[in-house]
Trainee: 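For reference, the structure I am asking about is given below.
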Amino acid sequence: MFLINCPYCGEREQSEFKAGGEAHIIRPKQPTELSDDQWAEYLFMRKNIKGIQFERWVHTHGCRKWFNVVRDTSNDIIKAVYKMGEKPPIK
Amino acid sequence: MKNKYSLFSLVKNAFSYHENWGKAWKDPEPKKEYDAIIIGGGGHGLATAYYLAKKHDMKNIAVVEKGWIGGGNTGRNTTIIRSNYLWDASAGLYDHALKIWEGLSQELNYNVMFSQRGVMNLAHNLQDVRDLKRRTHANRLNGIDAVYLNTDQVKKFCPIINTSSNIRYPVLGGTLQRRAGTARHDAVAWGYARGADEMGVDIIQNCEVKGIKRDGDSVEGIETTKGFIKTKKIGVVAAGHSSVIANMAGLKLPLESKPLQALVSEPVKPIIDTVVMSNAVHAYVSQSDKGELVIGAGTDDYVSYSQKGSHDIVEGTLNAILELYPIFSRMRMLRQWGGIVDICPDASPIISKTSIKGLYFNCGWGTGGFKATPGSGDLFAHTIANDEPHKLNAAFNLNRFVSGDLVDEHGAAAVAH
């Protein structure tokens with residue numbers, strides 16, 4: 001349970017949001033040319049990091065916009081929030 | 001057995017005020033090399049070591065555990081045991097485990113307090129009714145006991161359930177597996193630890209794995225807080241931390257680790273003598289032998305290793321509990337906690353070889369691994385010893401995420417395990 005600073009609405013309770021999983025997984029440009037291994041990598045394999053993770057969230061019960069969050073998954077402390085399409089502010 | 005537990009030994013030790021019971025397992029320092037190392041000293045890991053020693057004659061093995069044995073998800077779950085899964089592969093896996101549970105206390109000479117008090121799954125809408133009827137038929141075809149109950153039969157089996165049609169999600173029926181039930185979670189870990197130790201397995205606690213050493217495509221050993229330990233076979237049974245260990249070996253797994261919460265109430269006299277699960281409203285409840293209500297809540301939807309869940313998840317579960325069991329409205333909850341569960345995209349586990357020779361994973365049990373503990377250990381031991389899966393866990397290989405041959409229990413079985 002934590003607060004998320006929505007880039008459009010400001011700080012709100014996490015229960016207003018829905019997590020969208022790992023960010024920056026790029027949708028394949030030529031899906032028909034993918035091997036089964038590449039499909040598995042894209043669809044299922046996840047870093048599932050303990051530590052700093054880049055992830056997507058959506059403000060379901062608010063502006064309903066998607067954005068990115070940098071969060072330490074070992075203690076749920078949010079390091080940064082940035083809009084879709086922007087470069088992560090930290091590495 | 002050095003220290004066989006019996007009525008005789010109980011009486012004998014009573015004369016010395018129970019101060020001279022022998023240690024149930026040793027506390028050794030790691031050797032330089034083992035034939036196999038199991039990472040993770042929970043129920044599944046200890047069971048794996050036990051069956052490796054017992055059925056596959058591997059005696060030079062170690063279990064390494066970051067904390068103390070049974071201190072992870074083994075000690076955090078709601079102890080429900082059942083095997084009424086929809087798909088054939090799951091039915092085979094979980095019923096294999098249930099059959100071992102039925103004789104486990106005798107086999108281990110350790111009372112795991114296995115209690116076949118039945119598990120009832122409730123239906124709250126028309127789709128639930130259809131799904132549960134379908135599952136009942138599928139279970140029977142697989143030789144698993146299952147009956148479908150109408151609302152009156154549900155009420156008769158568990159009278160404290162509110163079966164009024166005036167609640168938001170009325171009880172339209174349910175299924176019952178009478179062979180299902182609960183067991184004492186700590187005793188399972190302790191019983192397997194004692195049994196494995198007896199056969200020469202080294203159980204090394206407070207020993208965190210820091211790295212996996214590879215020589216090309218095979219494993220050479222593990223780096224730990226107690227130094228380097230050489231081995232050719234590593235079985236990883238690290239639950240929520242499976243991806244962390246996989247990362248050490250340069251592997252990626254199809255897992256997401258999320259907090260799953262549970263809570264227990266103050267102890268009261270016997271009021272519910274079965275396990276009732278309700279997936280549509282996500283509430284499940286049973287009563288421990290101490291008298292506490294044991295209530296399972298859901299998972300949060302974000303990855304976290306913090307062992308803390310969100311308050312709204314608990315609130316949602318308690319809302320459902322109160323509507324289904326108005327009699328609990330003034331109960332006080334004593335403890336609430338979160339465990340980190342590793343969830344697969346198809347909500348089925350992975351008991352499998354990997355692309356690295358000598359590295360095996362038993363993970364992805366998600367929200368329902370406890371019930372499978374003996375079967376999981378048995379089949380994982382078989383996989384490690386023979387470098388080939390047993391026919392019962394062949395479907396639970398890692399390659400299914402490439403081939404697409406998933407065991408999709410997400411919608412099919414109960415969401416809550």
Side-chain angles (χ1 to χ4, degrees), chain A residues 1-6 12-26 28 31-32 34-62 64 66-81, chain B residues 66 208 238-248 250-259 261 299-316 336 338 340-348 350 354-355 363-364 366 397-406 408:
Chain A
M1 190 168 171
F2 43 89
L3 297 173
I4 297 176
N5 193 9
C6 171
R12 301 291 176 86
E13 267 188 37
Q14 170 261 320
S15 58
E16 287 189 19
F17 300 82
K18 185 146 178 53
E22 192 179 319
H24 307 299
I25 297 174
I26 298 162
T32 50
L34 247 50
S35 69
D36 288 351
D37 281 308
Q38 287 167 318
W39 268 121
E41 181 70 24
Y42 169 68
L43 284 175
F44 298 128
M45 299 303 163
R46 294 292 177 263
K47 289 180 189 156
N48 195 23
I49 290 168
K50 182 178 186 178
I52 302 295
Q53 166 161 292
F54 297 83
E55 56 194 15
R56 303 177 303 172
W57 285 79
V58 58
H59 197 178
T60 319
H61 302 290
R64 299 172 69 187
W66 285 87
F67 57 95
N68 292 314
V69 169
V70 189
R71 184 173 54 97
D72 188 339
T73 60
S74 64
N75 54 20
D76 294 336
I77 292 173
I78 292 177
K79 304 288 183 185
V81 174
Chain B
K66 180 168 68 174
E208 185 176 351
H241 282 70
S242 298
S243 296
V244 177
I245 305 281
N247 189 36
M248 293 174 187
L251 273 185
K252 235 166 136 183
L253 296 172
L255 298 174
E256 287 195 308
S257 296
K258 298 176 175 181
Q261 295 179 83
T299 51
D300 279 294
D301 66 346
Y302 52 86
V303 169
S304 178
Y305 290 84
S306 66
Q307 293 191 340
K308 285 181 290 192
S310 306
H311 182 67
D312 54 301
I313 299 282
V314 172
E315 191 178 13
Q336 169 270 342
I340 303 305
V341 297
D342 45 328
I343 300 177
C344 261
D346 61 355
S348 286
I350 296 165
T354 63
S355 54
C363 59
N397 62 69
L398 195 47
N399 198 52
R400 73 179 189 265
F401 299 97
V402 176
S403 70
D405 192 9
L406 304 178
D408 192 6

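The figures here come from the full heavy-atom set of this structure, side chains too, leaving out hydrogens, waters and symmetry mates.
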Trainee: For B/Ser243 and A/Asn48, which heavy atoms make the closest approach, and how far apart are they?
Mentor: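 Taking every non-hydrogen atom into account, OG-ND2, 2.7 Å.
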Trainee: Using a 4.5 angstrom heavy-atom cutoff, name the option from B/Ser257, B/Cys344, B/Pro259 with the most pairs to chain A.
Mentor: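 Option with the greatest count: B/Ser257.
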Trainee: Can you find a heavy atom in the side chain of B/Lys258 that is under 4.5 Å from one in the side chain of B/Asp300?
Mentor: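 Not in contact.
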Trainee: With a 6.0 Å cut-off (strictly less than), is the heavy-atom count around NZ of A/Lys47, excluding the residue itself, greater than 12?
Mentor: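 At most 12 heavy atoms, drawn from other residues, nucleotides or ligands, come within 6.0 Å of this atom.
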Trainee: Which answer fits B/Leu255, side chain, backbone, both or neither, if we ask what part of it has an atom under 4.5 Å from a heavy atom of chain A?
Mentor: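 Both backbone and side chain.
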Trainee: Contact part of A/Gln38 toward chain B, heavy-atom cut-off under 4.5 Å: side chain, backbone, both or neither?
Mentor: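 Neither; nothing under 4.5 Å.
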Trainee: For B/Leu406, is it the side chain, the backbone, both or neither that has a heavy atom under 4.5 Å from a heavy atom of chain A?
Mentor: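 B/Leu406 touches chain A through side-chain heavy atoms alone.
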Trainee: Return the minimal non-hydrogen interatomic distance between B/Val303 and A/Ile49, and the atom names on each side.
Mentor: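 Smallest heavy-atom distance, with atoms named: CG1-O, 4.2 Å.
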Trainee: Is there a side-chain contact between A/His61 and A/Arg12 (heavy atoms, below 4.5 Å)?
Mentor: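 No. Closest side-chain heavy atoms not under 4.5 Å.
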Trainee: Does any heavy atom of chain A fall under 4.5 Å from the side chain of B/Val244, the backbone, both, or neither of them?
Mentor: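 Answer is side chain: those atoms of B/Val244 sit under 4.5 Å from chain A.
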Trainee: Between A/Leu43 and chain B, which part of the residue has a heavy atom less than 4.5 Å away: side chain, backbone, both or neither?
Mentor: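 Answer is neither: A/Leu43 stays 4.5 Å or more from chain B.
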Trainee: Using a 4.5 angstrom heavy-atom cutoff, name the option from B/Ile340, B/Asn247, B/Asp312 with the most pairs to chain A.
Mentor: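 Option with the top pair count is B/Asp312.
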Trainee: With the side chain counted from C-beta on, respond yes when B/Glu256 and B/Asp342 share a heavy-atom pair under 4.5 Å apart, and no when they do not.
Mentor: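 No. Closest side-chain heavy atoms not under 4.5 Å.
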Trainee: Sub-4.5 Å heavy-atom contacts with chain B: which residues of residues 68-76 of chain A show up?
Mentor: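 Within residues 68-76 of chain A, the residues under 4.5 Å from chain B are A/Arg71, A/Thr73, A/Ser74, A/Asn75, A/Asp76.
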Trainee: Quick one: list whatever passes side-chain hydrogen bond (donor to acceptor under 3.5 Å, both in side chains) with A/Glu22, sequence neighbours left out.
Mentor: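 A/Glu22 satisfies side-chain hydrogen bond (donor to acceptor under 3.5 Å, both in side chains) with no other residue.
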Trainee: Tell me, do A/Arg46 and A/Ile25 make a side-chain contact under 4.5 Å, heavy atoms counted?
Mentor: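 Counting from C-beta outward, A/Arg46 and A/Ile25 do come under 4.5 Å.
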Trainee: Look at B/Leu253, B/Asp346, B/Ile313 and state which one has the largest set of heavy-atom pairs under 4.5 Å with chain A.
Mentor: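 Most pairs with chain A among the choices: B/Leu253.
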Trainee: Mind telling me whether B/Tyr302 and A/Trp57 have parallel, tilted or perpendicular rings, with 30° and 60° as the class edges?
Mentor: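 Rings of A/Trp57 and B/Tyr302: tilted, as their planes differ by 30° to 60°.
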Trainee: Are A/Cys6 and A/Glu16 side-chain neighbours, meaning at least one heavy-atom pair lies under 4.5 Å?
Mentor: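 When only atoms from C-beta onward are counted, A/Glu16 and A/Cys6 do not touch, as no gap falls below 4.5 Å.
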